[in-house]
Protein chains: 2
Amino acid sequence: MATISDVAALAGVSTATVSRALNGKATVDPELAARVRKAAGELGYRPNGPARNLRRQEAAVVALIISDVENPFWTAVARGVEDVAHEVGYSVVLCNSDESADKESRYVDVAIQERVAGVILSPTGSTSSVEKLAARGTAFVAVDRPLPHESDVVLVDTRAAARQATEHLIAQGYERVGCVTGPAGVRTADDRLAGYRDALRAAKRRSTAKLVRRTEYKAAGAHKAARELLEQAEPPDALLVANSAMAVGVLQALQEHGVRLGREVGLVSFDDAPWAALIDPPLSVVAQPAYEIGTVAARLLLARITDSTRPPTTTTLGARLIERGSSHRG
Amino acid sequence: MATISDVAALAGVSTATVSRALNGKATVDPELAARVRKAAGELGYRPNGPARNLRRQEAAVVALIISDVENPFWTAVARGVEDVAHEVGYSVVLCNSDESADKESRYVDVAIQERVAGVILSPTGSTSSVEKLAARGTAFVAVDRPLPHESDVVLVDTRAAARQATEHLIAQGYERVGCVTGPAGVRTADDRLAGYRDALRAAKRRSTAKLVRRTEYKAAGAHKAARELLEQAEPPDALLVANSAMAVGVLQALQEHGVRLGREVGLVSFDDAPWAALIDPPLSVVAQPAYEIGTVAARLLLARITDSTRPPTTTTLGARLIERGSSHRG
DNA sequence: ATGAAAGCGCTAACAT
DNA sequence: ATGTTAGCGCTTTCAT
């Protein structure tokens, strides 16, 4: 494969000039630059990335470590990150931590090892990954979940959104509103539960553990949880569900129990999945600004890469309740 | 950041010994190896990836270039690839070509530039990306869509599956079966259309252009296409839809027109999305072995990386028709 | 404006 | 079994 020396030889200049010409430095004679480009073209020259990164001590790459590639929320975040990063010539590599602190840690190791310019991640419970990044001085920003550390963070005010969604269910006349949320210790799951309880408290309702279930953020866990809830002596007549994968499991359980959505059991779920409006009645949701989370995080990361001394910021975005049929009795 | 020389100095050995010890070469005294590991641990040493890749002339990374990260089919493929690659110590970087030949080409350039060990891609129409890879001698395997080139390919017998699905609709008593498929030139789209026509021909039905629409593999395009079909003088009473994103658009159009799924318009869609069973009546689908496509492709790629001379193979996997309510009149 | 040359951190061929 | 050393391909002083 052609190297910079080959190009230099063919163009009759030094490798330094080739490098300068190809990287668009101003200080090179236009005529020479043209000769260099021609030679590079003829040889099909492609710069050797590792060599360049070794020399520059950094790659124009940002790593995005997310907890679930199959979750539309995260793929939307990924798009936001990509769009911003590509604008300024960075590549994005997507890594799937699968909600496992272990995989997350391995990907962080790889990112450090490959000397990526920065990392965007949704931290799992453990803080060790983030500490590694901080120790290495690799720029990073956390999304979706806050960090004990001082660092850039992009969040959604998910507690307020959960409260609003629960208040909506109460206002619609549901009496026994329950909640299916993610595992304890996962901040978004805790926050959504807290918001749910805020609403009950504000409405002077007793919140009871019998109406709450916690499981991993997946359909299977939520399915089981919903079945348990429905089989109780006093089952819930409405449910706040913490993400769209879980909503699939809950809806399945509802079907199996033959209860009618909306009329018998009201439902609001986080995340506006593409199919949410297709079911009958259509699903009320809390829409999170996923794409925007990605763009904001990417801009923050880019800023930190250029200036590591800027003070850490926390950005909190709002979510939007979309009322559809599943949260109405009528 | 600590380098291999720092470790060597602290352990009181040469850099070569450090390298050998840390890479698990047999020819190093266990006692020395222990000393090296201790020193590396104390310094928090992480090998410099670019330096290693430069020297080795290859990175233990495979690139996976897919046409749509937001499509569950592709995320399932990605999981298959990841699982196999990780087993043997390779990292996977996910790239989203967004069905654009241009983006695909840019990602291929990046992959070549970074000297990744291999590339798995779902080729868009243009063959230039693949030619670049072939010219560079970078190992690659194509998934989902065949290639004019001689190369490893993993396919689904999508034509047979489309035929089977269409025959099923005909057998259920639908009279005017239509088809909404992807853009002309996209091989899967062409094949699904061909399979649809095979079935009509076998049933001695005339296939008419009026019942066929082609649009990009997205909900929006399919929505418009379905609306057009339904507004015709003689609208279809059943539809074969070429992927699940499109199914969302088609179902939307059906709802807007107030036609009842199954009873009035039968539907079979490619790809068994998680929500398919939740709508009423549940959606009949052609389930593709997405995860398996990923694992097979990854194994093929790994084999080609180790032996570039092995003859190219074509693997064709079958798809499975899952009959649910949307394709039954009753 | 251009070139010569050093050196990024690592691995592997060669020497011992 | 271990050390010495060359060199992967690039960018960037430094000198001209």
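To find a chain, count down the sequence lines: A is the first, B the second, and so on, and within it residues start at 1.
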Could you give the [atom1]-to-[atom2] distance, from [X] to [N], as a whole number of Å?
X: B:Asp29; N: D:dT2; atom1: CG; atom2: C1'; value: 10 Å
X: A:Arg55; N: C:dA6; atom1: CZ; atom2: P; value: 13 Å
X: B:Asn48; N: C:dC10; atom1: CG; atom2: C1'; value: 8 Å
X: A:Ile4; N: C:dG3; atom1: CD1; atom2: C1'; value: 13 Å
X: B:Gln57; N: D:dG7; atom1: CD; atom2: C1'; value: 10 Å
X: B:Arg52; N: D:dG9; atom1: CZ; atom2: C1'; value: 18 Å
X: B:Arg46; N: C:dC10; atom1: CZ; atom2: P; value: 12 Å
X: A:Met1; N: D:dG9; atom1: CE; atom2: P; value: 10 Å

Base, sugar-phosphate or nothing for [X]? Non-hydrogen atoms, less than 4.0 Å.
X: A:Asn23; answer: sugar-phosphate
X: B:Pro47; answer: sugar-phosphate
X: B:Thr27; answer: base

[X], nearest nucleotide to its side chain (from [options]):
X: B:Thr3; options: D:dT12, D:dC10, C:dG9; result: C:dG9
X: B:Lys25; options: C:dA12, D:dT2, D:dC10; result: C:dA12
X: B:Leu54; options: C:dG9, C:dG3, D:dT2; result: C:dG9
X: A:Ala16; options: C:dT11, D:dT2, C:dA5; result: C:dA5

**OP:** For A:Ser19 and for B:Val28, find the nucleotide of DNA chain D with the closest heavy atom, then tell me which residue's nucleotide is more 5'.
**Re:** B:Val28
Original post:
Does B:Ala51 or A:Val18 map to a spot on DNA chain D nearer the 5' end, using the closest nucleotide for each?
Top reply: B:Ala51
Original post:
Is the closest basic N to carboxylate O distance between A:Glu99 and A:Lys218 below 4.0 Å?
Top reply: no
**OP:** May I ask you to say whether A:Arg79 pairs ionically with B:Asp68, meaning some side-chain N is under 4.0 Å from a carboxylate O?
**Re:** yes
Donor-acceptor pair, distance only, cut-off 3.5 Å: does the side chain of [X] make one with the backbone of [Y]?
X: B:Asn23; Y: B:Lys25; result: no
X: A:Ser97; Y: A:Ile66; result: yes
X: B:Arg115; Y: B:Gln57; result: no

Subject >> Student check: side-chain heavy atoms of B:Leu22 and B:Tyr45 closer than 4.5 Å >> reply: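 Counting from C-beta outward, B:Leu22 and B:Tyr45 do come under 4.5 Å.
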**OP:** Taking only the side-chain nitrogens and oxygens of B:Thr17, find out if one of them lies under 4.0 Å from OP1 or OP2 of D:dT2.
**Re:** no
**OP:** May I ask you to verify if any side-chain N or O of B:Ser14 is less than 4.0 angstrom from the OP1 or OP2 atom of D:dG3?
**Re:**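 For D:dG3, OP1 or OP2 has a side-chain N or O of B:Ser14 closer than 4.0 Å.
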Original post:
Does any N or O donor sit under 3.5 Å from an N or O acceptor when you compare the side chain of A:Arg20 with the base of C:dG3?
Top reply: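 Under the 3.5 Å cut-off, the side chain and the base do form a donor-acceptor pair.
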**OP:** Could you check A:Arg56 against A:Val13 and say which one's nearest nucleotide on DNA chain C is further toward the 5' end?
**Re:**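 That would be A:Val13.
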